[in-house]
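Contents: one structure, followed by commentary.
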Amino acid sequence: MPQIFVKIDAEKCKGCNLCVEACPKKILSSGRDARNKYGYRAVTANGSEDCTGCLNCALMCPDGAIAVYKRQ
Amino acid sequence: MTDNRQLLKGNEAFAEAAIAAGCRYYFGYPITPQNELTEYMSRVLPSVGGSFVQAESELAAISMAYGAAAAGGRALISSSSPGIALMQEGISFLCSANIPMVLLNVSRGGPGVGGIQPGQADYFLATRVGGIVDYHTLVYAPASIQESINILMQAYETAEKYRNPLMLLVDGMLGQMMEPVVVPDGVETIPTTDLHALNPWAVTGHRGSRERRVIRSLRLKPDELERSIEERGEKYARAEIELTSYEAIDLDGAEIVFVAFGSTSRIVKESLTALKRMRIKGGLIRPITLWPFPYRAFDGIDKRTKAVVSVELSKGQLIQDVKLGVNGRFPVKLIHRTGGMLLTPEEIVAAAKNISEVN
Amino acid sequence: MLPLFEYTKGMREEHTSYCPGCTHGIAHRLIMEALCERGELGRAIGVVPIGCSIVAHNYMNVDMCESMHGRAPAIASGIKRVHPDNIVFTYQGDGDLASIGTGEIIHAAHRGENFTTFFINNAVYGMTGGQMAPTTLIGQKTTTTAGGRSEAANGKPLRMAEIIATIESAAFVERVSLDSPANVRKAKKATLRALETQKAGVGFSFVEFLSTCPTNWGLSPIASLEWLRTDMIPYYPLGNFKTKEIGR
């Protein structure tokens, strides 16, 4: 269970991939599975332990689709 | 009984009356023949807790006034013909966003830069929707400085009741001449907190205690735009019933009925007495509201009237509404001057005699 | 669970109509985050332009007014007269501000108006489908410069931050970029300092955001960030061009 993890709102994501590009640990990958109701394939996080909570992904998301949490 | 009349220049009387009516935000740009109004506001408005801004253009002036009105303030702009033409998009925007405001057009001879003498060729601009279609500005045409003051005293309440811009169309003569007038005592400055209650649609900052407010004009969905136009149409229909006003003089048995507004109507009144001496009975219909226009006034014309004559300082604009009002029941003629030339009673009498003999 | 980052309450839940990868969304968020952090969301009034971001009032959780094209700074001046204690801002694109609205923005700074203008420079008219803007770069292809903008035909692009900075009553002028996390962090700081300037009442504050327009640039969102770095930033240098000391 990763200590810090990225939560992506699949309905808000437009699959623009700016977060995928910005993530130094390459945790995020562009969407391949089902399209959301707007027709976009949402980005997904691969659940690895490498996330450092740098927030690059959240800073670059134009659509408020990313939240980052740390388990206590 | 103390005589509390003062001898005031029109432009300054308009400014004083607007302040008395509660105007606290004025945005202007220099243009003859209304500069004294702008100058008066720059001197007096700050002293009553108001704000004066000389804008960089008429485009900016109407936009500033829109901002102040959208925030719930009582705003005023004044300009003259070409300046008002620049403000047309703003006026159209105000109507689309249902924003109340008072505007003053101290009109002059056109077209283009035209001249600086008085004119009434802004009739279409004021009444025929100079901007984008399907909106109206409430338009009043006072014929004296006192009448202008009286209209201004009610202007904000009317504009706010209809949530629509209201324009006084005066001309350079009324703006520049002096008359003994009485300006009623002013309303107190309305504290901004009360503005929020008075205008529950105004933008004031939601303070986390209500949904945010948006003042909009853009309606991309055609059904939404149509609904807003139709709703506004109902508002205008109410205005036609509640606001239409005019003066009718000696219509019974009149051989000729003149139609004239503003300062020109006073010259016509003088020519009526001259005509009476020549046993030609003349009547006058004087529209006070140009929009909504008093078409029903023409139902009061005597069957035996020979002709209805539009008297105006333009190539013939008021005459179109006269024809609509007459609706084919009488011949309609035009007596006019342009360029800032004024009609004289003698000219009107001579033209009236000619019309009376021909018909 | 400790939130390290959650979407600001300053933005409404609405799904935005902006194209995928358009960095308008980032600029919106930064401004609303700044207002929330400064406790000014409830006192803010915004003015949106004619352009893609006229719909910003669907997303920003503040009272807002639409404006005629180019007139937002004049409208904001009017609002500020009625509500001097509110935080007033305009949010304008390059067509709105640097083309039809140059008169208004110059004179808002000239009067030292105590409001903040957030200027989104994406070097093209977005809403109308990609025509040349005054900030379009030399050689940049647009629907009205099909062969690429040429100096001979269209002159060289306008640097608004530098222009505004020459105006004495401008108090804070900075150009930032939305192309990378590091620059987004700097853009956030500039946004906060602009609002601080307005609060202190020392004059006009202006932040120019270099922003992308993937659709009308004909590039992917990521390639757009790249083009912004390689082509826009060299012509539009980032940094502060004016800071009036805010007395404590």
Side-chain angles (χ1 to χ4, degrees), chain A residues 1-32 34-45 47-72, chain C residues 1-30 32-33 52-53 56 59-61 120 122 176-189 209 211-215 219-226 228-229:
Chain A
M1 283 293 275
Q3 193 59 3
I4 302 171
F5 64 97
V6 174
K7 184 164 163 293
I8 291 170
D9 180 334
E11 282 311 306
K12 279 192 168 181
C13 173
K14 294 178 182 167
C16 74
N17 294 328
L18 294 191
C19 56
V20 174
E21 165 82 3
C23 175
K25 299 291 183 183
K26 295 308 161 202
I27 292 171
L28 304 170
S29 47
S30 45
R32 267 178 306 286
R35 290 178 185 277
N36 65 21
K37 69 177 182 185
Y38 297 98
Y40 298 117
R41 283 201 174 83
V43 165
T44 54
S48 91
E49 303 277 325
D50 298 344
C51 178
T52 65
C54 73
L55 304 183
N56 278 8
C57 56
L59 290 175
M60 288 310 290
C61 176
D63 291 292
I66 293 180
V68 183
Y69 296 96
K70 181 176 184 188
R71 281 209 175 67
Q72 297 301 106
Chain C
M1 212 145 52
L2 177 68
L4 299 183
F5 183 97
E6 279 184 326
Y7 202 37
T8 172
K9 290 282 168 292
M11 289 294 281
R12 303 179 70 238
E13 277 308 310
E14 201 75 21
H15 182 95
T16 74
S17 60
Y18 301 125
C19 307
C22 165
T23 49
H24 259 309
I26 299 177
H28 282 34
R29 190 193 73 232
L30 294 182
M32 292 302 117
E33 281 174 355
C52 290
S53 53
Y59 316 129
M60 294 182 179
N61 186 15
I120 309 300
N122 61 5
V176 296
S177 171
L178 299 171
D179 68 295
S180 68
N183 281 340
V184 165
R185 288 189 179 90
K186 288 190 192 130
K188 173 69 175 289
K189 285 203 188 73
F209 295 84
S211 190
T212 62
C213 182
T215 298
L219 296 170
S220 75
I222 290 174
S224 300
L225 295 185
E226 200 41 45
L228 192 156
R229 282 178 212 124

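Bear in mind the structure is a predicted one, so any value in this text is a computation, not a measurement. In the text below, chain A, chain B and the rest are named by the order of the sequence lines, each starting its count at 1.
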Sorted by chain and number, sequence neighbours left out, salt bridge (charged side-chain N to carboxylate O under 4.0 Å, His left out) with C:Lys188 holds for C:Glu33, C:Glu37
Ranked by heavy-atom pairs below 4.5 Å to chain C, first place among A:Val20, A:Leu18, A:Asp9 goes to A:Leu18
Specify the closest pair of heavy atoms between C:Pro181 and A:Asn56, including all atoms of both residues, with the distance to one decimal.
CB-OD1, 3.3 Å
Could you check whether atom NZ of A:Lys26 has more than 12 heavy atoms from other residues, nucleotides or ligands sitting under 6.0 Å from it?
yes
Under 4.5 Å from any heavy atom of chain A, what part of C:Leu30 do you find: side chain, backbone, both or neither?
neither
Which atoms of C:Ser180 are under 4.5 Å from chain A, going by heavy atoms: the side chain, the backbone, both sets, or neither?
backbone
Any non-hydrogen side-chain atom of C:Tyr18 less than 4.5 Å from a side-chain atom of A:Pro62?
no
So, for A:Met60 and C:Ile26, which heavy atoms are closest and what is the spacing to 0.1 Å?
O-CD1, 3.5 Å
Taking every non-hydrogen atom, the tightest pair across A:Lys12 and C:His15:
O-CE1, 4.0 Å
Chain C interface, residue from A:Ala65, A:Gly53, A:Ala22, A:Cys61 that has the most non-hydrogen pairs under 4.5 Å
A:Cys61
Mind running side chain to side chain contact (heavy atoms under 4.5 Å, CB included) on A:Phe5 and C:Met1 for me, showing each step along the way?
CA-CA 10 Å; A:Phe5 64 97; C:Met1 212 145 52; 3.5 Å; yes
With a 3.5 Å cut-off and no angle check, do the side chains of A:Lys14 and C:Thr16 form a donor-acceptor pair?
yes
What heavy-atom pair brings A:Tyr69 and C:Pro3 nearest, and what distance separates the two atoms?
CD2-CA, 3.5 Å
The test is side chain to side chain contact (heavy atoms under 4.5 Å, CB included); show your working for A:Leu59 and C:Arg29 and say whether it passes.
CA-CA 9 Å; A:Leu59 290 175; C:Arg29 190 193 73 232; 3.9 Å; yes
Identify, with sequence neighbours excluded, every residue that meets side chain to side chain donor-acceptor pair (under 3.5 Å) alongside A:Ser30.
none
For chain A, which of C:Ile222, C:Leu225, C:Val184 has the most heavy-atom pairs under 4.5 Å?
C:Ile222
Proximal component of A:Ile66, with respect to chain C [non-hydrogen, under 4.5 Å]:
backbone
